[in-house]
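For reference, the structure is listed below as structure tokens.
Read the numbers this way: they start at 1 and go in the same order the structure lists the ligands and their atoms. Residue indices begin at 1 and follow the sequence shown.
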Amino acid sequence: MKTVSSIGAGKKDELNTLPLKGIPWLELQDQLREAGKDDVDWRNGRVPMFIHYAGDDVLEVAKQAYLMYFSENGLGLRAFRSLAKFESEVVEMGLGLLHGNALARGAMTTGGTESIFLAVKAARDLAKKRDSGRGKPQILMACSAHPAFDKAAHFMGLDTVRTPLQADFRADPAAIEAAITPDTVMIVGSVPAYPHGVIDPISEMAALAQKHGIWMHVDACVGGYFAPFVKQLGENIPDWDFLVPGVTSISADLHKYGYTAKGASTLFFRDAESFAGMGWSFDNWPRGQYTTNTLVGTRPGGAIAAAWAVMKYLGQSGYQRVTQRVIDTRCALQTGTTALGLTTFGDPKLSILAYGSYEHNIADIGVRMTAHGWLVGHVTTPPGLHHMLNLTHEPAIPRYLNDLSDSMSQASSSKQVGKLSAQY
Ligand SMILES: Cc1ncc(COP(=O)(O)O)c(C=O)c1O
């Protein structure tokens, strides 16, 4: 298994040491600025992922609120009633959007991966409680689901099974049903799945989960705070949240399309029984009871305060306004790539667009786009380019399409004409 190399490894002759004397802040500011000079220019739309920008005003609200609660710790809700209030209001606002009823519960976490870990833990523990005779518990999902489920499974002693997609890149409920075993403790659907940006058939998958008595998790880390507004704007997307019987839990990231500061996600449960497995409690040490809802202990108070402030600042009308502009940006990119002869993967209705080529070597196009100064996101199956859009891309689309056209005119042709494939 490949791992990230440890920081500083292999550079023994140039090791950085803690300075003997402190360096003045103004000097450090310069160094910080200088260090960022070679970063890819996300502000001008050159980064197709990692950033979710909704305007300078929203960024300012997030920053100011974060700074106001910079030192406070979300582990200490006894001390910081402010953070307890912000978190419970954020959870209530989220549950309202996702149609949780009075029994539904939730909590804030520090990101999508943590939300997914905790959903997996809760599903595993509930299955064990109900039927301790099971074998090694197993998570079942389409091959397009996020790797965080495999990461969680690896860390917590579960297996994963990934099934093929339908021709439209959505999860295939028939393949999922065929793969269910007595050890399946969770079925995962994505809204949307990251690689192709399409929404899985959640109702069908949740019906299967219900029929077989299995926990159904909807990973809406990308779409949780985007899809509800797309629907409010009149787009006909099928129900996927707690309105769908059988959906047990939902992960929805605030630091993506909630536009809040990084370090903020939400995890929601249909009822108190499913929520119970999220928490953990311990008292066999000399410092008394230690109870957390989350995987981490200390939690950044700033991220909790910023989430609360941005949600209140934008409100439903603000989110609708930004969502409409992101959808328009995705449509402009889709129209432009289609006009250039490229093929969109599936029928994306949200903020992700992925496309490939029958005629050109898409990897070669990617290399040429990199030379034009764009950070390129790749899809491997089928080979394609990938964008998760936000408002930084709105003014960048014409320039992007121009460079794309230029790259295509120089790129080699696909060796497998008629199939969407150009080998990496
Ligand atoms: C569908 C989906 N789920 C989960 C995650 C993990 O989120 P995070 O990077 O916040 O841990 C991502 C990240 O892009 C995602 O796209």
**Study point:** Pair F80 + Y69: ring centers closer than 6.0 Å
**Key:** no
Identify each donor-acceptor pair in which a side-chain atom of residues 201-211 lies under 3.5 Å from a protein atom, sequence neighbours left out, and give them as a table.
from	atom 1	to	atom 2	distance (Å)
K211	NZ	E177	OE2	2.7

Review point. Do T113 and K151 have side-chain heavy atoms sitting under 4.5 Å apart?
Key: yes
Exercise for review: Applying side chain to side chain contact (heavy atoms under 4.5 Å, CB included), name anything that partners S274, two or more places apart in sequence or on another chain.
Suggested key: W215, T248, F269, D271
Practice item. Report yes or no: does a heavy atom of H255 sit under 4.0 Å from some atom of ligand 1? Key: yes
Point to revise | Nitrogen or oxygen atoms of G112 and ligand 1 under 3.5 Å apart | key: yes
Practice item. Considering heavy atoms of the protein only, find what lies nearest to atom 16 (O) of ligand 1 and give residue, atom and distance to 0.1 Å. Key: V222 CG2, 3.2 Å
Check your understanding: Within the structure, does Y194 bring an N/O atom to less than 3.5 angstrom of an N/O atom in ligand 1?
Key -> no
Review point. Identify the closest protein heavy atom to atom 6 (C) of ligand 1: which residue and atom is it, and at what distance?
Key: H146 CE1, 3.6 Å
**Study point:** Closest protein heavy atom to atom 3 (N) of ligand 1, given as residue, atom name and distance to 0.1 Å
**Key:** D219 OD2, 2.7 Å
Exercise for review: Using modelled atom types only, decide if a donor and an acceptor are shared between the side chain of R299 and the backbone of M108 within a distance under 3.5 Å.
Suggested key: yes
Check your understanding: Going by the atom numbers of ligand 1, which of them fall below 4.0 Å from some non-hydrogen atom of C221?
Key -> 2 (C), 3 (N), 4 (C)
Exercise for review: Could you tell me whether the side chain of R105 and the main chain of L103 form a donor-acceptor pair under 3.5 Å?
Suggested key: yes
Point to revise | Atoms of ligand 1, numbered as shown, that sit under 4.0 Å from any heavy atom of D253 | key: 7 (O), 10 (O)
Review point. In terms of residue, atom name and distance, what is the protein heavy atom nearest to atom 11 (O) of ligand 1?
Key: T113 OG1, 2.5 Å
Practice item. May I ask you to check whether K256 has an N/O atom sitting below 3.5 Å from an N/O atom of ligand 1? Key: yes
Exercise for review: Using modelled atom types only, decide if a donor and an acceptor are shared between the side chain of R162 and the backbone of A145 within a distance under 3.5 Å.
Suggested key: yes
